[in-house]
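One structure is given here, and the rest of the page talks about it.
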Amino acid sequence: MSLRTRLLILVIAAMLVPAGLVGLRFMQNRTSEINAALANLAASADDIASDLDEKIQGTAQLHYGLARARDLDTRDKAACSAFLSDVREEYPQFTGILTIDPDGSLFCDSLRTNRTLDLNDRGYFKQVKGLQGVVAVEPVFGRLTGLSVLQIAYPVRSDAGALKFVLLASFNLNKFAEFHDKRLLAEKDILLLDGKGTVLVAPKGGTWSEPVGASIAGSDLFRFAATPDRESFQEVTDREGRTQVWAVARSPSIRKAGLYILVGRSKDGLVAAANRRLYEDVAILAVASLLLLAGVWILATVGVGRQVGRLAAMAKRLGLGDLSARIPPPHPRGELGGLMTLLNDTAESLQQQRAAIADLNQKLSQSQKMEAMGQLTGGVAHDFNNLLTVILGNSEHLADRLAGNKELHRIAGDIATAAERGSDLTRSLLAFARKQPLRPRDIDVAGKLLELEPLLRRSLGEHIECSFALDADLWMTSVDPGQLATALLNLVLNARDALPEGGKLTVEARNISLGESDLDVNGEPRPGDYVMVAVTDTGTGMTAEVASRAFEPFFTTKEVGKGTGLGLSMVYGFVRQSGGLVQMQSEPGRGSVVKLFFPRLVEPPAEEPLLAERNTATDGSETILVVEDDDMVRAYVESELKALGYNVITRSNGPAALELLRQPGHIDLLFTDVVMPGGMFGPELARQAIELRPGLKVLFTSGYSQTPVKTPDGVGDARVLTKPFKRKDLAAVLRSALSAPPA
């Protein structure tokens, strides 16, 4: 059976069923129609209440947004009122928007009245002061406008939870009622009451006689509104004998706010509407029967079959995974056209989602690579530095003993140099992988830039002209030198990529003072004195859209596999962690400049003598407990210390060392590795050792630790000898630790 025949059969069947029911409806449907009209009254009331509830929620969302606006977090009353006035123009459903200070006084309002109001007596203000992140609602007559409004208040609190101010929006109940009155085509009357029975909005026509502001608290209608569960509807008869039927909204949230929404209609109108509906149904059925019989055949023949075929072809291609499939225009009107548009939109959305998922997978893969590299670096660093300690130390021994053989002495020196380069490589990898905490030092930025100049020039290549402009008498600043080098290298490499055909790059450092108008890349002012380091290039530059996202993690304009999108975000995080800020200026075809600002060090750094200057004596006779899990490192340290004249006791782990410390015997210093197996690291061993032997000196050594060494109470400043170390460094630091005064 064809689709056309099926449609004709369905139309005929659909016509027979309502035709048979028309007779029954004449006898039965009059009452049900009246009941339906009554139910429609209740539905209309609930619909209005639901719409008002949505308006309240929308206002709450507006409050959440305004609470974060900087223009409100100010004591400039005029600026605050001007900002709220602009917001009010965008939201005409409010008679006014204002802020209230915690003491209940009006601060600023969108009407710019400059009035002084005390709002402590308002219920919404009392309620909202005890709330956190939600709104308080109360229907009242506005003091500024005299109109009936729904006051929607929201508390704005500081990070510590203290109330900063209260945002208040006065929702216009008159306009709200007028809108729904037009929507109901004036067939129904809308009445709004507050919890005390005061008329907030009165019906425009009909039989209602009480004016706005009057109270009907003692009437049957108000008792019905206040206790809607007792009766479904309430009839009210006026002096002329006309009866009005009322229904009340049952929304718990609106009633909790102290607002009653009633919708009424004359009883005669309900009956007349039921009769009119019956006549309309008969007429519609007759006309529809004629039109359907004539039109279905044409529709089935001309339009439906062909369009359904297009839909089927589209669905088949989508089922095969071809998300580029589309139904080309023209599309028919009605449901088939809507379905075609929906299928096209769905295919477009799925295609975009597939592309987004592919992009996200690529970024996730790149991020995992970075994370894996960081984990690998941290895992290898400890053991690698242990090996380098043994290599470096033994190469020094060989160099000393082979001093008479120039060739072998040179080879031993080469071994030591290679070990030092391996140590530098390990430190560079740890800095690149951001596995080291910041170690700020009071430095001269100009001096650091001069040290980095050869490395930066080699990174750029000969096709780029590089210059350095360093002001004299730069202020001192406190910054991690290694992270500063990494940040500058990131910026220089980015500039190099923007100069594929060559160009100029300038590294600049100078003193600068920033004011309130000088903003960070995130729009935050941070006034003060800074040392500025700027990298300027004459490269391709960036559009405003790209520049606005340049510091976002994973955002990159480079080709796949040639950039992680983390370089600038790492630079930004490092500078902000150092207490500074970042600025960037860029224009397509005119290059870019990235400026890093580091806070000025107010007090000049104290001069500290070198280790060798503090302790000229490098040997001693004290007793030292060495705790090291690596056998080769432990043997090397024991040999070196004995060569320096110290009495040495060795243990391979923390528990064994504690067992020794519990026994009698003099020990002057605990020399322990930071990271050891067995569940007890160096800092914990030192803490328990100090408890057993107060006054015991402690010296830590570490090949790598992801977290800073926390010094136990009683030890003083943490002294850490970083692996690999030379013999002279071991002797000097050890002597310094033994000579330090008790903590």
Could you tell me whether a side-chain N or O of [X] sits under 3.5 Å from a main-chain N or O of [Y], the two making a donor and an acceptor?
{"X": "N653", "Y": "A656", "answer": "yes"}
{"X": "S736", "Y": "A732", "answer": "no"}
{"X": "D518", "Y": "G515", "answer": "yes"}
{"X": "Q583", "Y": "L519", "answer": "yes"}
{"X": "S702", "Y": "T722", "answer": "no"}

Could you check whether any side-chain heavy atom of [X] comes within less than 4.5 Å of a side-chain heavy atom of [Y], counting everything from C-beta outward?
{"X": "M676", "Y": "V627", "result": "yes"}
{"X": "V479", "Y": "I443", "result": "yes"}
{"X": "F597", "Y": "V575", "result": "no"}
{"X": "D537", "Y": "S592", "result": "yes"}
{"X": "L449", "Y": "L470", "result": "yes"}

Apply side chain to side chain contact (heavy atoms under 4.5 Å, CB included) to residues F725 and V637 and explain how you reach the verdict.
CA-CA 10 Å; F725 47 79; V637 173; 4.1 Å; yes

Before you tell me yes or no, could you show the steps for R651 and L625 under side chain to side chain contact (heavy atoms under 4.5 Å, CB included), namely the whole-Å CA-CA distance, both residues' side-chain angles and the distance that decides it to 0.1 Å?
CA-CA 8 Å; R651 291 294 184 269; L625 172 59; 4.1 Å; yes

Let's go through R457 and E465 carefully: what are the C-alpha distance in whole Å and the side-chain angles of both, what is the deciding distance for salt bridge (charged side-chain N to carboxylate O under 4.0 Å, His left out) to 0.1 Å, and is it a yes or a no?
CA-CA 9 Å; R457 290 185 182 275; E465 179 184 343; over 6 Å; no

Under-4.0 Å salt bridge between [X] and [Y]:
{"X": "K448", "Y": "E453", "answer": "no"}
{"X": "D520", "Y": "R576", "answer": "yes"}
{"X": "K642", "Y": "E640", "answer": "no"}
{"X": "K723", "Y": "D673", "answer": "yes"}
{"X": "R634", "Y": "D630", "answer": "no"}

Apply side chain to side chain contact (heavy atoms under 4.5 Å, CB included) to the pair T701 and V720, showing each step before the final yes or no.
CA-CA 5 Å; T701 182; V720 182; over 6 Å; no

Of the non-hydrogen atoms in [X] and [Y], which two are nearest, and what is the gap between them?
{"X": "S578", "Y": "P599", "answer": "O-CD, 3.6 Å"}
{"X": "M532", "Y": "I512", "answer": "CB-CG2, 3.9 Å"}
{"X": "L685", "Y": "G654", "answer": "CD1-O, 3.7 Å"}
{"X": "H666", "Y": "D668", "answer": "NE2-OD1, 2.6 Å"}
{"X": "L696", "Y": "L669", "answer": "CD1-N, 3.9 Å"}
{"X": "L670", "Y": "A686", "answer": "CD2-CA, 4.1 Å"}

Sequence neighbours left out, what pairs pass side chain to side chain donor-acceptor pair (under 3.5 Å) with at least one residue falling in residues 503-516?
S467-T506, E508-R510, S513-D529

Does atom CD of E524 have more than 12 heavy-atom neighbours from other groups under 6.0 Å away?
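Correct, the count exceeds 12.
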
